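Take a look at the structure set out below.
Predicted model, so just to flag it, every value in this text is computed and none were measured.
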Amino acid sequence: MGRKFIKKKKVDQLEIVPLDENPPLPSQRPSDDVVPKKEKWINKQRVLVFAARGISHRDRHLMRDIKTLMPHHRPESKMERSKTLAVVNEMCEMKHCNKAMLFEGRRKRDLYMWVSNTVGATGPSAKFLIENIHTMAELKLTGNCLRGSRPLLSFDAKFDELPHLKLLKELFVQTFSVPNHHPKSQPFIDHVYTFTYLDNRIWFRNFQILSEDGGLSEVGPRYVMNPVKIFDGSFTGKAIWENPDYVSPSKQRQMLKKAAKDRYVNRVEQKVQQEATRPIKAYEGLDNEELFDDEDPLKTAKLLALKAKKQLEQKKTPKAALTKKIKDKQMEAVKQVIEQRKARVKRVKKV
């Protein structure tokens with residue numbers, strides 16, 4: 001049997017026309033058309049917000065509140081304690097983050113927060129002790145704001161005076177500010193973050209903007225940052241600033257225990273001293289105690305008269321003795337003057 005040869009149809013090939021890089025603009029544009037704006041997400045700030053193992057439930061709720069306020073954050077699971085802080089730079093590089101916020105707990109009591117610039121591990125990074133934590137669920141405040149809206153950042157005047165506060169201000173601006181045209185953000189500004197420097201600490205508050213004339217209502221959370229150290233690298237490097245007034249919380253608790261112990265020791269010492277100095281008799285040496293004896297009233301009257309005479313004599317004798325001593329001293333002084341004059345006269349005769 002012979003094979004049947006089927007002729008294939010030739011497909012017309014499309015001509016490749018070179019694309020003009022600069023297409024010509026239309027000769028006329030109606031005035032009603034809106035000019036297209038070039039809206040692009042330029043600021044690519046991403047913050048890695050996570051915690052190390054060992055934080056308490058309140059610290060975890062605070063971290064959750066901060067995540068809700070920052071739509072440009074990236075989550076991460078808890079970091080093991082066995083890892084060093086230098087691993088955070090690699091974690092940020094894998095998550096494409098250029099800022100990091102790490103919460104580190106100690107003894108289920110104390111919370112430390114690290115804020116760092118992790119671009120190339122160049123830093124700087126700052127360590128804070130978080131105090132007076134109040135979460136949004138705990139406070140039940142009246143303020144409210146849109147989820148993912150962009151905030152205003154308000155800083156105290158001290159942030160433009162002290163050099164270490166200038167550095168922290170720039171770090172907070174790059175970390176807490178939501179980038180413009182972020183995909184997860186809302187195009188509204190309805191709340192403000194306030195950073196106030198008082199008592200060598202930074203006080204953080206979040207307020208809702210009620211009106212344009214300055215009406216505010218607190219949203220939460222609220223906490224106080226006590227700066228400990230500032231490093232020149234990201235979680236590494238040498239300390240370029242250290243807080244001289246910082247006292248660790250464990251040291252404070254140790255001082256309180258020592259003060260309580262001293263109070264107990266003082267109380268015991270007072271009891272011992274009271275027992276040692278307690279008088280044996282109820283009273284001793286009262287005036288005219290003979291009146292209380294069960295004797296004849298005439299005898300008691302005579303005894304009182306004798307006592308009165310003795311007291312008068314005791315009062316008189318010291319004055320007489322003093323006058324006698326004064327007279328004796330005066331006589332001795334006169335004798336000395338006479339002897340000196342006689343000695344001078346003898347010297348003159350010899351000459």
Side-chain angles (χ1 to χ4, degrees), residues 42-52 62-63 66 69-70 72-73 84-86 88-89 92-93 97-104 106 110-133 150-180 189 191-207 216 221-252:
I42 298 172
N43 186 8
K44 303 280 183 171
Q45 291 286 342
R46 298 185 186 90
V47 183
L48 186 68
V49 182
F50 66 110
L62 175 66
M63 184 179 67
I66 290 176
L69 294 175
M70 299 169 63
H72 60 293
H73 82 278
T84 59
L85 293 175
V88 181
N89 298 324
C92 291
E93 188 176 354
C97 296
N98 43 23
K99 297 289 184 298
M101 188 180 292
L102 171 64
F103 293 90
E104 188 179 6
R106 300 281 177 84
D110 312 322
L111 178 66
Y112 292 90
M113 184 177 74
W114 288 81
V115 181
S116 173
N117 176 29
T118 59
V119 179
T122 54
S125 58
K127 184 181 180 181
F128 303 93
L129 172 66
I130 306 300
E131 302 171 340
N132 300 334
I133 299 171
R150 300 181 64 210
L152 293 174
L153 270 68
S154 173
F155 290 91
D156 193 6
K158 288 288 184 69
F159 281 88
D160 295 328
E161 298 175 2
L162 301 175
H164 70 279
L165 291 181
K166 290 181 182 179
L167 179 62
L168 291 178
K169 177 182 177 180
E170 186 62 30
L171 193 61
F172 289 153
V173 166
Q174 295 184 16
T175 304
F176 285 96
S177 61
V178 178
N180 194 12
I189 297 174
H191 62 289
V192 55
Y193 298 156
T194 60
F195 297 89
T196 309
Y197 187 73
L198 181 66
D199 195 18
N200 296 326
R201 289 167 174 81
I202 300 170
W203 301 67
F204 176 85
R205 295 290 185 271
N206 179 23
F207 294 98
L216 299 175
R222 60 166 70 163
Y223 55 91
V224 180
M225 294 180 283
N226 188 1
V228 181
K229 283 184 181 181
I230 299 176
F231 299 91
D232 60 349
S234 177
F235 297 97
T236 53
K238 63 179 181 180
I240 57 177
W241 180 83
E242 188 173 357
N243 189 359
D245 301 324
Y246 171 72
V247 180
S248 64
S250 59
K251 187 71 175 177
Q252 291 179 358

Do [X] and [Y] make a side-chain contact, defined as non-hydrogen atoms from C-beta onward lying under 4.5 Å apart?
{"X": "Ile42", "Y": "Asn180", "answer": "no"}
{"X": "Val49", "Y": "Phe103", "answer": "yes"}
{"X": "Leu48", "Y": "Met101", "answer": "no"}
{"X": "Leu111", "Y": "Leu62", "answer": "yes"}
{"X": "Leu69", "Y": "Pro151", "answer": "no"}
{"X": "Pro227", "Y": "Trp241", "answer": "yes"}

Rounded to the nearest 0.5 Å, what separates atom [atom1] in [X] from atom [atom2] in [Y]?
{"X": "Leu165", "Y": "Ile230", "atom1": "CG", "atom2": "CD1", "answer": "8.0 Å"}
{"X": "Ile133", "Y": "Met63", "atom1": "CD1", "atom2": "CE", "answer": "12.0 Å"}
{"X": "Phe128", "Y": "Lys229", "atom1": "CZ", "atom2": "NZ", "answer": "14.0 Å"}
{"X": "Gln252", "Y": "Asp110", "atom1": "CD", "atom2": "CG", "answer": "9.0 Å"}
{"X": "Asp160", "Y": "Phe155", "atom1": "CG", "atom2": "CZ", "answer": "9.5 Å"}
{"X": "Asn98", "Y": "Gln45", "atom1": "CG", "atom2": "CD", "answer": "4.0 Å"}

key: Trace of the side chain to side chain contact (heavy atoms under 4.5 Å, CB included) decision for Val178 with Met70   = CA-CA 7 Å; Val178 178; Met70 299 169 63; 5.8 Å; no
To check you understand the geometry: which heavy-atom pair defines the closest contact between [X] and [Y], and what is its length?
{"X": "Pro249", "Y": "Tyr112", "value": "CD-OH, 3.6 Å"}
{"X": "Ile202", "Y": "Phe159", "value": "CG2-CZ, 4.0 Å"}
{"X": "Val47", "Y": "Thr175", "value": "CG2-O, 3.6 Å"}
{"X": "Leu102", "Y": "Ala52", "value": "CD1-N, 4.0 Å"}
{"X": "Ala126", "Y": "Leu168", "value": "CB-CD2, 3.7 Å"}
{"X": "Met225", "Y": "Phe204", "value": "CE-CB, 4.5 Å"}

remark   = Result for side-chain contact (heavy atoms from CB on, under 4.5 Å) between Asn226 and one of Val247, Asn243, Asp245, Asn132 points to Asn243
task = Any chance you could lay out the side chain to side chain contact (heavy atoms under 4.5 Å, CB included) test for Asn206 and His191, step after step, and finish with the verdict?
result = CA-CA 7 Å; Asn206 179 23; His191 62 289; 3.4 Å; yes
Determine yes or no for a side-chain-to-main-chain donor-acceptor pair under 3.5 angstrom, with [X] supplying the side chain and [Y] the backbone.
{"X": "Asn89", "Y": "Thr118", "answer": "no"}
{"X": "Ser125", "Y": "Gly233", "answer": "yes"}
{"X": "Trp114", "Y": "Phe235", "answer": "no"}

inquiry  = Check Arg201 with Asp199, please: is the shortest side-chain N to carboxylate O separation under 4.0 Å?
reply    = yes
message = Within 45 degrees of the ring normal and closer than 6.0 Å to the centroid, is that where the cationic atom of Lys169 sits relative to Phe195?
response = no
Heavy atoms of other groups near Gln174 CD, more than 12 under 6.0 Å = yes
task = Determine, step by step, whether Phe50 and Val88 satisfy the side chain to side chain contact (heavy atoms under 4.5 Å, CB included) criterion, reporting the C-alpha distance in whole Å, the side-chain angles of both residues, the deciding distance to 0.1 Å, and the verdict.
result = CA-CA 10 Å; Phe50 66 110; Val88 181; 3.8 Å; yes
key: Evaluation steps, side chain to side chain contact (heavy atoms under 4.5 Å, CB included), between Glu161 and Tyr197   = CA-CA 11 Å; Glu161 298 175 2; Tyr197 187 73; over 6 Å; no
request  = Show your reasoning for whether side chain to side chain donor-acceptor pair (under 3.5 Å) applies to Ser234 and Ser116.
outcome  = CA-CA 6 Å; Ser234 177; Ser116 173; 2.8 Å; yes
request  = Mind telling me whether Tyr193 and Phe176 have parallel, tilted or perpendicular rings, with 30° and 60° as the class edges?
outcome  = perpendicular
